[in-house]
Number of protein chains: 2
Amino acid sequence: MNESETTDIRALPIFAEMADENFESLMRGSYVQNFPPQIELISEGEPSDFLHVIISGAVELFASWNDRESTMAIVRPVSTFILAATIKDAPYLMSARTLEKSRIVLLPSTDVRQIYDIDNGFSRALVTELAQCYRGVVKNSKDLKLRTSIERLANYLLKQHSRANGNGAFELNIEKRKIASQMGMTPENLSRAIKALKPYGVTVNGTSVHIADADDLASLAKPDPLIDDPLS
Amino acid sequence: MNESETTDIRALPIFAEMADENFESLMRGSYVQNFPPQIELISEGEPSDFLHVIISGAVELFASWNDRESTMAIVRPVSTFILAATIKDAPYLMSARTLEKSRIVLLPSTDVRQIYDIDNGFSRALVTELAQCYRGVVKNSKDLKLRTSIERLANYLLKQHSRANGNGAFELNIEKRKIASQMGMTPENLSRAIKALKPYGVTVNGTSVHIADADDLASLAKPDPLIDDPLS
DNA sequence: CGTTCAATTGATCAGCGTCAAACTAGGTGG
DNA sequence: CCACCTAGTTTGACGCTGATCAATTGAACG
């Protein structure tokens, strides 16, 4: 791990407030690895040996049951994932695989738990982080239960749009099939949902999206900060 | 608040490890109230003024968007709810209403945040609690995304069945419409789903459920600890 | 230039929601 | 004590959303 990476990790909210010596001790026990795409990093049901921090690339969190599979989230740098399993020393509820070439830090779960027991800055940061994660999943559930697939797509596009400076055009940075699964639909249905948004000024060509009039689209999407705002 | 109630609250995992003086200070600032059924305790979007602890009765957490409404969870004693909003000093993501006559303790959010800043036992307990909550919502999402409504119902019934000692018969303790909404379906659809489980030995009469052969039902439900186990 | 896999399209079908009506149970008041 | 009212539940009919299956197109890569 190089120095700038250590700095990036240190800057993460969950590590920012902890004592220097504890942070260094955490880092000493850690591993950094580069993974090619499509590597399964962890499997649902396994004991949580490591807290993962993604430095570059992209990771998909997904879940399976009865031969079905669903994308639960896409994680991008710089952030941690499967924090809750690490804390509770419980089996992973989701599996994770790299979508792109990714650089990932592995912090032994036992170290994380040990230090969270003694470092109050760390434990307080974890409270905030987990509260945030919790709220994220709740928002996701609301999205799933209260909206149709077209409404979900409309809101998804608006969110990506504003994330890309909102100038009318942006690129999808993940496969459509993953987007579809994440939003609880099939690839075919996503394809048709995109067409259904044409009357609202949405044009999609490959990975490039054009939104003619964000307000028009928003009139359908009815974005709600209590569902769509990543903050708060 | 009487003494046995204070003891019950103190016994909750999130309060068990905190210093006596901090617990007492929290309790001093708290209110206890009895609410009739159907009272809206909190509304989605409002600032989180109080952490709620339910002592008796039942509370529904629900969410709304665009004139639609969905039951997100049912909370039973003794437990807290809307902890994450309190911690983050953020607006509630869900509303809450009493389903039955309920006794509820209100702890001012500012007090909770203040004490969590100074009491390390408390902040560590919050980490565990929030990790648990997070995992609960993730399991719920998996249930929703990976299963059909009939499979969800089958698993729901098995869970209630084992909770009621697994002797073949038990009572539904909430309205069917709420059960339906919680599982992401309409009351009509729940009604039909129940019928669809008849070949698996499920009989429902009013609120009383009879399960002839739990193994038979489980062969359809395929319960999975990573979705259905409340613990871990 | 061919192989491979994602994305699209069309056709069909199942699951589920909607609407309307009938039925039931619990509670109230005469 | 019974009639009635109200609200939840059930049933039937129907239609829409979205899944499935199959086939084609398109794009990336060796």
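Treat the numbers as computed from the prediction; the structure is a model and nothing was measured.
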Review item, nucleotides 7-10 of chain D N/O atoms under 3.5 Å of protein N/O:
from, atom 1, to, atom 2, distance (Å)
D:dT9, OP1, B:K176, N, 2.8
D:dT9, OP2, B:R177, N, 3.1
D:dT10, OP1, B:K176, NZ, 2.5
D:dT10, OP2, B:S191, OG, 3.2
D:dT10, O5', B:S191, OG, 3.1

(request) Could you check which residues of residues 61-70 of chain A get a heavy atom under 4.0 Å from DNA chain C? Sort them by number, please. (result) none
Name each donor-acceptor pair under 3.5 Å that joins a side chain in residues 201-215 of chain A to protein atoms two or more places apart or in another chain, with its distance.
from, atom 1, to, atom 2, distance (Å)
A:T207, OG1, A:E171, OE1, 2.7
A:S208, OG, A:N205, O, 2.9
A:H210, ND1, A:G168, O, 3.3
A:D213, OD1, A:D215, N, 3.0
A:D213, OD1, A:D216, N, 3.3

(message) Test: side chain to side chain donor-acceptor pair (under 3.5 Å). Region: residues 182-193 of chain B. Which pairs qualify, not counting sequence neighbours?
(response) none
(request) Check side-chain contact (heavy atoms from CB on, under 4.5 Å) between B:P223 and all other residues, then give those that pass, not counting sequence neighbours. (result) B:N155, B:L158, B:A218, B:A221, B:D228
(request) Measure the acute angle between the ring planes of A:F50 and A:Y31, then classify it against the limits of 30° and 60° as parallel, tilted or perpendicular. (result) perpendicular
(message) Using a 3.5 Å distance criterion without hydrogens, assess whether the side chain of B:S109 forms a donor-acceptor pair with backbone atoms of B:T86.
(response) no
(message) Going 5' to 3' along DNA chain C, which are the first and last nucleotides with any atom under 4.0 Å from a heavy atom of chain A?
(response) C:dA6 to C:dA11
(request) Sort and list the pairs that fulfil salt bridge (charged side-chain N to carboxylate O under 4.0 Å, His left out) and have at least one residue in residues 151-164 of chain A, not counting sequence neighbours. (result) A:E151-B:R68
(request) Check salt bridge (Lys or Arg N to Asp or Glu O under 4.0 Å) between A:D143 and all other residues, then give those that pass, not counting sequence neighbours. (result) A:R147
(message) Filter on salt bridge (charged side-chain N to carboxylate O under 4.0 Å, His left out), then keep only pairs touching residues 35-58 of chain B, sequence neighbours left out; what's left?
(response) A:K142-B:E44
(request) Rounding to 10 degrees, work out the angle separating the end axes of the helix from C:dC1-D:dG30 to C:dG30-D:dC1 (five pairs an end). (result) 30°
Show me the donor-acceptor pairs, under 3.5 Å and distance only, between side chains in residues 57-65 of chain B and residues at least two apart or in other chains.
from, atom 1, to, atom 2, distance (Å)
B:E60, OE1, B:R97, NH1, 2.7
B:E60, OE1, B:K178, NZ, 3.0
B:E60, OE2, B:T71, OG1, 2.6
B:W65, NE1, A:K222, O, 2.9

(message) Give me each pair satisfying salt bridge (charged side-chain N to carboxylate O under 4.0 Å, His left out) with a member in residues 193-207 of chain A, each pair once, sequence neighbours excluded.
(response) none
